[in-house]
2 protein chains.
Amino acid sequence: MLGERPLEDISIEELATGAGISRPTFYFYFSSKDDVLLALLDQVISQVEHRVAALPRDFDVDPEAAWRRSIAVFVEVFTEHRAVSAAAITGRVRNAEVHDLWAKSMQTWVGYSTEVILAERARGAAPEGVDAGELATALNLMNERVLGAAFTGETPAIDHSHVLDVLSGIWIRSIYQ
Amino acid sequence: MLGERPLEDISIEELATGAGISRPTFYFYFSSKDDVLLALLDQVISQVEHRVAALPRDFDVDPEAAWRRSIAVFVEVFTEHRAVSAAAITGRVRNAEVHDLWAKSMQTWVGYSTEVILAERARGAAPEGVDAGELATALNLMNERVLGAAFTGETPAIDHSHVLDVLSGIWIRSIYQ
DNA sequence: CTACTGTATCGACACCGTGTTGATTAAACC
DNA sequence: GGTTTAATCAACACGGTGTCGATACAGTAG
């Protein structure tokens with residue numbers, strides 16, 4: 001349903017009857033529409049965390065390829081669950097729990113990016129420059145927004161097939177100059 | 001009011017009584033809450049257009065300074081009207097007219113950025129690379145998201161005082177390598 | 001075979017915000 | 001003085017949300 005229209009345009013009545021139950025019964029399982037979204041988002045985020053954790057941390061071998069692989073995880077998982085991802089990104093504003101879950105994950109990813117940038121600077125591969133944490137924040141926010149735009153098919157947006165190229169290009173040039 | 005809480009949490013009743021009129025009278029002037037937002041956004045965008053148009057196009061003299069000045073216009077105007085900007089960015093999802101107005105402006109800015117990037121490449125100042133239009137799109141979306149995050153004080157976000165530095169740094173490195 | 005307990009279900013209700021209608025007043029203009 | 005036009009709002013209809021209390025239906029202990 002989220003693939004067709006935003007969560008706001010889906011009534012709990014629809015959700016419930018679609019699941020073969022009545023509206024009050026829906027409330028037996030979830031406390032609100034956003035509670036459903038939260039459960040779905042949680043699964044998507046777990047999948048990202050799982051795949052990120054399994055990534056080799058060999059930035060000293062081929063930095064470009066390593067960054068590209070990391071970004072590819074986000075692109076792939078969020079693309080696979082594009083409807084939920086898009087709904088979460090927009091639902092974040094409305095719902096505190098969705099906001100917090102998303103914010104927590106973003107912080108994890110920003111923290112990870114920051115560490116790698118600092119390590120690359122420490123080994124002399126990347127030059128000093130703006131604060132690594134702020135650079136990582138801007139780049140992660142860019143990824144979020146660019147993917148969101150691609151999912152909802154807005155204009156302007158970047159075609160799905162080029163997203164990974166464009167994003168990793170900007171990351172690498174921003175970090176290594 | 002938008003500075004305190006999202007538009008969704010403001011009822012038309014509140015808007016109306018705050019303006020000293022009744023709810024039906026509100027509908028005499030606006031067709032919905034989003035219609036008010038649209039009117040406010042229109043003013044902000046006009047201000048940006050006006051200031052961007054007045055910008056010197058001297059990218060051949062000092063490219064870094066020229067980009068920084070352009071980005072500064074967005075940062076300054078949107079910061080000045082941060083509540084409206086933030087509400088528009090989130091309201092875009094809900095309302096087709098807000099979405100269209102914002103999308104139209106984004107396209108204008110992306111178009112302008114693309115032209116400058118192509119000109120810089122043509123004169124040999126910037127290297128060839130990813131599609132200029134897609135690069136411009138990603139960078140403009142980054143600006144939107146980073147400013148939005150700074151306005152709403154989410155985490156992670158970039159401190160207001162550093163936004164211009166971080167953004168223009170990424171733009172320049174992405175474009176000139 | 002009861003009586004109890006926890007799970008699951010939903011009809012009916014109360015509430016709130018939205019948008020509309022129709023009547024009313026007040027000013028502006030022949 | 002009479003007609004149009006702008007402005008106002010009480011009252012209504014509607015739709016979505018969330019709650020409550022009643023009911024059914026296990027499984028389980030006595």
Side-chain angles (χ1 to χ4, degrees), chain A residues 1-44 81-103 148 151-152, chain B residues 1-44 81-103 148 151-152:
Chain A
M1 284 169 126
L2 282 177
E4 292 160 22
R5 54 191 197 282
L7 187 60
E8 291 183 331
D9 293 0
I10 302 173
S11 72
I12 292 178
E13 182 75 46
E14 282 183 281
L15 271 184
T17 53
I21 56 174
S22 72
R23 203 165 52 80
T25 303
F26 168 91
Y27 284 102
F28 182 78
Y29 295 100
F30 298 97
S31 64
S32 67
K33 266 193 292 193
D34 289 329
D35 197 32
V36 179
L37 179 60
L38 198 69
L40 293 170
L41 176 61
D42 203 59
Q43 292 180 30
V44 176
H81 307 285
R82 75 177 68 183
V84 172
S85 307
I89 289 175
T90 67
R92 174 190 57 197
V93 187
R94 203 178 43 240
N95 183 272
E97 286 170 308
V98 173
H99 175 275
D100 290 349
L101 177 57
W102 186 259
F151 294 156
T152 54
Chain B
M1 286 169 123
L2 282 177
E4 291 161 21
R5 54 189 196 281
L7 187 59
E8 293 184 331
D9 292 0
I10 302 172
S11 72
I12 292 178
E13 182 74 47
E14 281 182 283
L15 272 183
T17 53
I21 56 175
S22 71
R23 203 164 51 80
T25 303
F26 168 91
Y27 284 101
F28 182 78
Y29 297 100
F30 298 97
S31 63
S32 66
K33 266 192 293 191
D34 289 329
D35 198 33
V36 179
L37 179 59
L38 197 70
L40 293 170
L41 176 61
D42 204 59
Q43 292 180 30
V44 176
H81 306 285
R82 75 178 67 183
V84 172
S85 306
I89 289 174
T90 68
R92 174 190 57 197
V93 186
R94 205 178 40 240
N95 184 272
E97 287 169 308
V98 172
H99 175 275
D100 291 349
L101 176 58
W102 185 259
F151 294 156
T152 54

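Throughout, protein chains are lettered first and strands after them, A, B, ... in sequence-line order, and every chain is numbered starting at 1.
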Inset, instruction - Give the B/S/- string for nucleotides 22-27 of chain C, one per nucleotide from 5' to 3', where a protein heavy atom under 4.0 Å of the base yields B, of only the sugar-phosphate yields S, and otherwise -. - result: ------
Inset, instruction - Using the ring-ring contact (aromatic ring centres under 6.0 Å, His included) rule, collect all pairs that involve residues 12-31 of chain A, keeping only residues at least two apart or in two chains. - result: A:F26-A:F30
Inset, instruction - Whole angstrom is fine here: how far is it from CZ in A:F28 over to C1' in D:dC25? - result: 13 Å
Inset, instruction - Supply the atom-to-atom distance A:M1 CE to A:L15 CG, rounded to the nearest 0.5 angstrom. - result: 5.5 Å
Inset, instruction - Keeping to residues at least two apart or across chains, list the salt bridge (charged side-chain N to carboxylate O under 4.0 Å, His left out) pairs with something in residues 14-26 of chain B. - result: B:R5-B:E14, B:E13-B:R23
Inset, instruction - Go through the structure and list residues passing side chain to side chain contact (heavy atoms under 4.5 Å, CB included) with B:H81, not counting sequence neighbours. - result: B:V44, B:Q47, B:V77, B:S85
Legend entry - Contact letters for nucleotides 9-22 of chain D, in which S counts primed atoms plus P, OP1 and OP2 and B counts the base, heavy atoms under 4.0 Å: BBB-----BBB---
Legend entry - Difference in axis direction between the ends of the helix from C:dC1-D:dG30 to C:dC30-D:dG1, five pairs, 10°: 20°
Legend entry - Rounded distance (nearest 0.5 Å) linking atom CG of A:L41 with atom CG of A:L101: 4.5 Å
Legend entry - Whole-Å distance separating the CG atom of B:D34 from the C1' atom of C:dG19: 14 Å
Legend entry - Spatial distance of atom CZ (A:R92) from atom CG (A:D100) [nearest 0.5 Å]: 12.0 Å
Inset, instruction - Look at all strands and tell whether A:Y29 reaches a base, only sugar-phosphate, or nothing, counting heavy atoms closer than 4.0 Å. - result: sugar-phosphate
Inset, instruction - Kindly compute the distance separating OG1 (A:T90) from CG (A:L37), expressed to the nearest 0.5 Å. - result: 7.5 Å
Legend entry - Charged N-O contact under 4.0 Å between A:K33 and A:E8: no
Inset, instruction - Ignoring hydrogens and angles, tell me if any N or O in the side chain of A:S32 forms a donor-acceptor pair with the backbone of A:D35 under 3.5 Å. - result: yes
Legend entry - From B:I89 atom CD1 to B:W102 atom CH2, the distance as rounded to the nearest 0.5 Å: 4.5 Å
